[in-house]
Number of protein chains: 2
Amino acid sequence: MHRHAGSDAGADPHACGADPGAVLARGEALCRERGLQFTPLRREVLEAVAAAERPQGAYDVAERLSRPGRRVAPVSVYRALDFLMEQGLVHRIASRNAFIPCAHAHGPGEGVVFLICRTCGGVDETSSREVERGLGRTLERAGFRPSHSILEVEGDCGACLERERAG
Amino acid sequence: MHRHAGSDAGADPHACGADPGAVLARGEALCRERGLQFTPLRREVLEAVAAAERPQGAYDVAERLSRPGRRVAPVSVYRALDFLMEQGLVHRIASRNAFIPCAHAHGPGEGVVFLICRTCGGVDETSSREVERGLGRTLERAGFRPSHSILEVEGDCGACLERERAG
DNA sequence: GGCGGGTTTGTTACAGTGTATCACCCCCGC
DNA sequence: GCGGGGGTGATACACTGTAACAAACCCGCC
Ligand SMILES: [Zn+2]
Ligand SMILES: [Zn+2]
Ligand SMILES: [Zn+2]
Ligand SMILES: [Zn+2]
């Protein structure tokens, strides 16, 4: 139940983990246009991550894809996830060692904020030019040249707060 | 070689990892005033983290503290590190699975930014009310109530940029 | 059709990270 | 002395991630 969260005023909202079909379609289109292979395994891994309500570990995905007669080893899942991350189709949540799907294209240098709900376990993502600007200035003052950054916030999502107030 | 980085204009600078002696002194004072035990093991673990130039894994610390005749198991190091983290004496770098010392008291709700140099491997920390403000507004718009957050930036530190320009 | 080279996957083994559990010790209050 | 809580030692285990090599696959080329 990852609700999309608005970013800066006027910017486009996000909807990560919203619709597995859309994520798969984007993966396919993106690989075709980049001349890369959207193989069955990669599709299945992306599908498994997109279908889950909460971030999935690589071993979770491996187990989910394995059936009697076909075993998918974690190492294969890791390789698929590496590929999907390079293409911007999934994100890794460092504080959880787990992965979430991404349904939208991130502009270059666009900062992403992961919102991790400690109640329902869901992860939503948003972006903020405001934060990005402030961080840029802070880094400049520190004389630090960034290559990339991660920003993960843990707390309670709107839906869970609502539920708590009601029930 | 963790240089301190200035935070917002007028705010106090940081100096994490700067002086092992200062970190140990702060740990001792802080435990005394809180009625907690600054045991030999905890002191040694903090000392090992503070003496290192780069973030240390729990197993690194365990190895560093072990000598012929005395073996310190990683699990003991983890327990000490958990304690030191609760007291705000060390930080965990999620993207590296490693720990750094902290020489200053963080105010409540004060955002911390970790600056991870991919060249020298050192980690510096700073804070930015600017980023904190922007993040607060972004989270409010998203209807998300934060409990805590991590912000880690990878890139090149000022010293390494300087060295690169010179050499 | 057959060949050659890059990419993907399977398989095994291993390294690294973190936790659960129980026993022992120590200290302090009763 | 006795009981209880906190800290440590020790073992075992679960979880996360990577290295190395072989087999399969794909695709352009002859
Ligand atoms: Zn995304
Ligand atoms: Zn929630
Ligand atoms: Zn600190
Ligand atoms: Zn550096």
Side-chain angles (χ1 to χ4, degrees), chain A residues 27-28 31-32 34-49 52 54-87 89-100 121 150 152, chain B residues 27-28 31-32 34-49 52 54-87 89-100 121 150 152:
Chain A
E28 189 157 0
C31 285
R32 191 170 40 235
R34 293 180 187 174
L36 301 172
Q37 304 180 28
F38 197 57
T39 66
L41 178 65
R42 288 169 179 173
R43 164 182 282 275
E44 286 174 274
V45 170
L46 180 55
E47 194 168 13
V49 172
R54 305 190 302 174
Q56 298 289 293
Y59 279 67
D60 296 334
V61 175
E63 192 176 352
R64 198 181 268 242
L65 295 185
S66 294
R67 310 145 148 270
R70 185 208 179 195
R71 165 183 142 82
V72 177
V75 61
S76 295
V77 175
Y78 274 110
R79 284 189 290 228
L81 287 171
D82 286 343
F83 173 84
L84 295 171
M85 274 195 293
E86 278 170 16
Q87 307 311 317
L89 291 163
V90 306
H91 297 298
R92 182 180 141 81
I93 307 298
S95 61
R96 297 292 179 103
N97 296 327
F99 303 83
I100 61 171
I150 64 173
E152 303 179 5
Chain B
E28 188 156 2
C31 285
R32 191 170 38 234
R34 293 180 187 173
L36 301 171
Q37 303 177 240
F38 197 57
T39 66
L41 179 64
R42 289 169 179 172
R43 165 181 283 274
E44 285 173 276
V45 169
L46 180 55
E47 194 167 14
V49 172
R54 305 190 301 174
Q56 296 291 292
Y59 279 67
D60 296 334
V61 174
E63 191 175 353
R64 198 181 268 243
L65 295 185
S66 294
R67 312 145 147 270
R70 183 207 179 195
R71 163 182 143 81
V72 176
V75 61
S76 296
V77 175
Y78 275 111
R79 284 189 291 229
L81 287 171
D82 286 343
F83 172 85
L84 295 171
M85 274 195 293
E86 279 170 17
Q87 307 312 318
L89 291 164
V90 307
H91 297 298
R92 181 181 141 81
I93 307 299
S95 61
R96 297 291 179 101
N97 296 326
F99 303 83
I100 61 170
I150 62 173
E152 302 179 6

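Order of the sequence lines fixes the chain letters, A, B, ..., with proteins taken first and strands second; residue numbering starts at 1 for each chain. Every heavy atom of this structure was used, including side-chain atoms; hydrogens, water molecules and symmetry mates were not.
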For this session: Return each pair, listed once, that meets salt bridge (Lys or Arg N to Asp or Glu O under 4.0 Å) where at least one residue sits in residues 69-78 of chain A; pairs must be two or more places apart or across chains.
Result: A:Glu44-A:Arg70
For this session: State, with a plain yes or no, whether a side-chain heavy atom of B:Phe99 is found less than 4.5 Å away from one of B:Met85.
Result: yes
Exercise. Is any side-chain heavy atom of A:Leu41 less than 4.5 Å from a side-chain heavy atom of A:Val72?
Worked result: yes
Seminar exercise, completed: Separation of C:dT17 atom C1' from B:Ile93 atom CD1, nearest Å, is 16 Å
Seminar exercise, completed: Between CG of B:Asp82 and C1' of D:dG6 the distance, given in whole Å, is 15 Å
Could you pull out the protein-nucleic contacts involving nucleotides 6-12 of chain C (nitrogen or oxygen on both sides, under 3.5 Å)?
from	atom 1	to	atom 2	distance (Å)
C:dT8	OP1	A:Arg42	NH1	3.2
C:dT8	OP1	A:Arg42	NH2	3.4
C:dT8	O5'	A:Arg42	NH2	3.2
C:dT9	OP1	A:Thr39	OG1	2.4
C:dG10	OP2	A:Ser76	OG	3.0
C:dG10	N7	A:Arg79	NH2	2.7
C:dG10	O6	A:Arg79	NH1	3.2

Problem set entry | Pi-cation contact, A:Phe83 with A:Arg42 (under 6.0 Å, within 45°) | yes
Which residues satisfy the side chain to side chain contact (heavy atoms under 4.5 Å, CB included) test with [X], sequence neighbours excluded?
X: B:Arg34; answer: B:Leu30, B:Leu36, B:Gln87
X: B:Glu63; answer: none
X: B:Arg96; answer: B:Ile93, B:Ala98, B:Ile116, B:Glu154

Exercise. If you measure from CG on A:Leu81 to CG on A:Leu89, what distance do you get to the nearest 0.5 Å?
Worked result: 11.0 Å
For this session: Could you tell me whether a side-chain N or O of A:Glu152 sits under 3.5 Å from a main-chain N or O of A:Ile150, the two making a donor and an acceptor?
Result: no
Exercise. Sequence neighbours excluded, which residues qualify as salt bridge (charged side-chain N to carboxylate O under 4.0 Å, His left out) partners of B:Arg92?
Worked result: none
Exercise. Who pairs with A:Arg43 by salt bridge (charged side-chain N to carboxylate O under 4.0 Å, His left out), at least two apart in sequence or on another chain?
Worked result: A:Glu28
Just the atom pairs and distances: protein N or O near nucleotides 14-16 of chain D's N or O, under 3.5 Å.
none

Exercise. What one-letter contact string describes nucleotides 25-30 of chain C from 5' to 3', where B marks a base within less than 4.0 Å of any protein heavy atom, S marks contact via sugar-phosphate atoms alone, and - marks no contact?
Worked result: ------
Seminar exercise, completed: For DNA chain D, the expected dot-bracket line (Watson-Crick or G-U under 3.5 Å, [ ] crossing, | inter-strand) is ||||||||||||||||||||||||||||||
Seminar exercise, completed: Residue set satisfying side-chain hydrogen bond (donor to acceptor under 3.5 Å, both in side chains) with A:Ser76, at least two apart, ordered chain then number -> none
Seminar exercise, completed: By side-chain hydrogen bond (donor to acceptor under 3.5 Å, both in side chains), B:Glu47 pairs with (sequence neighbours left out) none
